[in-house]
Amino acid sequence: MRTLVVIVSLLAMLASGFWAYRENYATKLSVREANRLTRDIRRLQEAIALQNAEWAYQNRPDRLAELVAANFDRLGLLPMQPEQFAQSSQLPMPPDPPPEDTTLVSEQADTSGEILP
């Protein structure tokens with residue numbers, strides 16, 4: 001009986017060691033993946049910040065005014081006037097949705113000739 005307890009204890013110890021080994025490496029892989037994702041997120045955030053800065057630089061009012069003046073003959077761009085904006089009362093409203101069919105399936109006529117319960 002004593003040898004059976006020793007064998008079972010030894011097998012339990014080996015199984016728990018194997019489980020701990022697998023969990024250790026699974027955890028290391030998860031940490032490595034999380035670190036990679038963090039680096040990717042940081043890199044993408046830097047790229048977005050760079051694009052936002054470039055967008056702000058390209059859309060400076062003085063630069064756009066120079067471009068409009070330089071290309072006026074070709075584009076014919078003029079400054080916007082308040083009269084060019086519509087008021088909400090001038091905008092067309094979307095049409096009303098069609099009414100939904102509220103008849104039940106059991107109330108519809110049966111054209112198949114079968115008897116329904």
Side-chain angles (χ1 to χ4, degrees):
M1 182 69 179
R2 187 174 186 189
T3 57
L4 180 64
V5 171
V6 170
I7 291 174
V8 169
S9 299
L10 183 64
L11 290 176
M13 182 184 68
L14 287 173
S16 66
F18 180 72
W19 174 81
Y21 179 80
R22 284 185 38 187
E23 289 298 315
N24 182 30
Y25 278 95
T27 303
K28 286 181 180 180
L29 287 175
S30 297
V31 167
R32 200 174 300 143
E33 178 71 12
N35 289 338
R36 185 189 64 78
L37 289 173
T38 302
R39 282 191 310 272
D40 290 347
I41 289 170
R42 190 175 301 124
R43 182 180 48 83
L44 291 172
Q45 286 173 338
E46 289 172 1
I48 289 171
L50 179 65
Q51 290 173 351
N52 285 337
E54 185 169 346
W55 179 262
Y57 179 75
Q58 295 292 334
N59 285 316
R60 293 185 329 268
D62 56 336
R63 179 184 172 275
L64 294 177
E66 290 174 10
L67 287 174
V68 168
N71 296 304
F72 180 76
D73 296 334
R74 192 164 40 120
L75 299 176
L77 297 174
L78 296 173
M80 295 183 77
Q81 302 296 324
E83 298 83 33
Q84 293 174 310
F85 294 99
Q87 295 182 5
S88 60
S89 61
Q90 296 171 324
L91 298 175
M93 296 303 290
D96 292 333
E100 293 185 23
D101 186 17
T102 58
T103 58
L104 298 174
V105 174
S106 61
E107 294 176 359
Q108 295 177 353
D110 182 21
T111 57
S112 66
E114 296 179 23
I115 299 175
L116 297 175

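These numbers come from a predicted model, not from an experiment. Computed over heavy atoms, backbone and side chain alike; hydrogens, waters and symmetry mates excluded.
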**OP:** Locate the shortest heavy-atom distance separating Asn59 from Leu64; write the atom from each residue and the value.
**Re:** O-CD1, 3.8 Å

**OP:** Please name all residues satisfying side chain to side chain contact (heavy atoms under 4.5 Å, CB included) with Leu29, sequence neighbours left out, ordered by chain then number.
**Re:** Arg32

Original post:
Tell me the ring pair (Phe, Tyr, Trp, His ring centres under 6.0 Å) pairs involving residues 41-84, sequence neighbours left out?
Top reply: none

Taking distance alone, no hydrogens or angles, what donor-acceptor pairs closer than 3.5 Å link side-chain atoms of residues 81-92 to residues at least two apart or in another chain?
unit_1: Gln84; atom_1: OE1; unit_2: Gln81; atom_2: N; d: 2.7
unit_1: Gln90; atom_1: OE1; unit_2: Gln87; atom_2: N; d: 2.9

Original post:
Transitive ILVMFWY cluster of Tyr21 at side-chain heavy atoms under 4.5 Å: who else is in it?
Top reply: Tyr25

Subject >> Pairs touching residues 61-81 that satisfy salt bridge (Lys or Arg N to Asp or Glu O under 4.0 Å), sequence neighbours left out >> reply: Arg60-Asp62

With a cut-off of 3.5 Å and sequence neighbours excluded, list every side-chain donor-acceptor pair involving residues 37-54.
unit_1: Thr38; atom_1: OG1; unit_2: Ala34; atom_2: O; d: 2.8
unit_1: Asp40; atom_1: OD2; unit_2: Arg36; atom_2: NH1; d: 2.8
unit_1: Asn52; atom_1: ND2; unit_2: Ile48; atom_2: O; d: 3.4

Subject >> Transitive ILVMFWY cluster of Val6, excluding itself - 4.5 Å side-chain cut-off >> reply: none

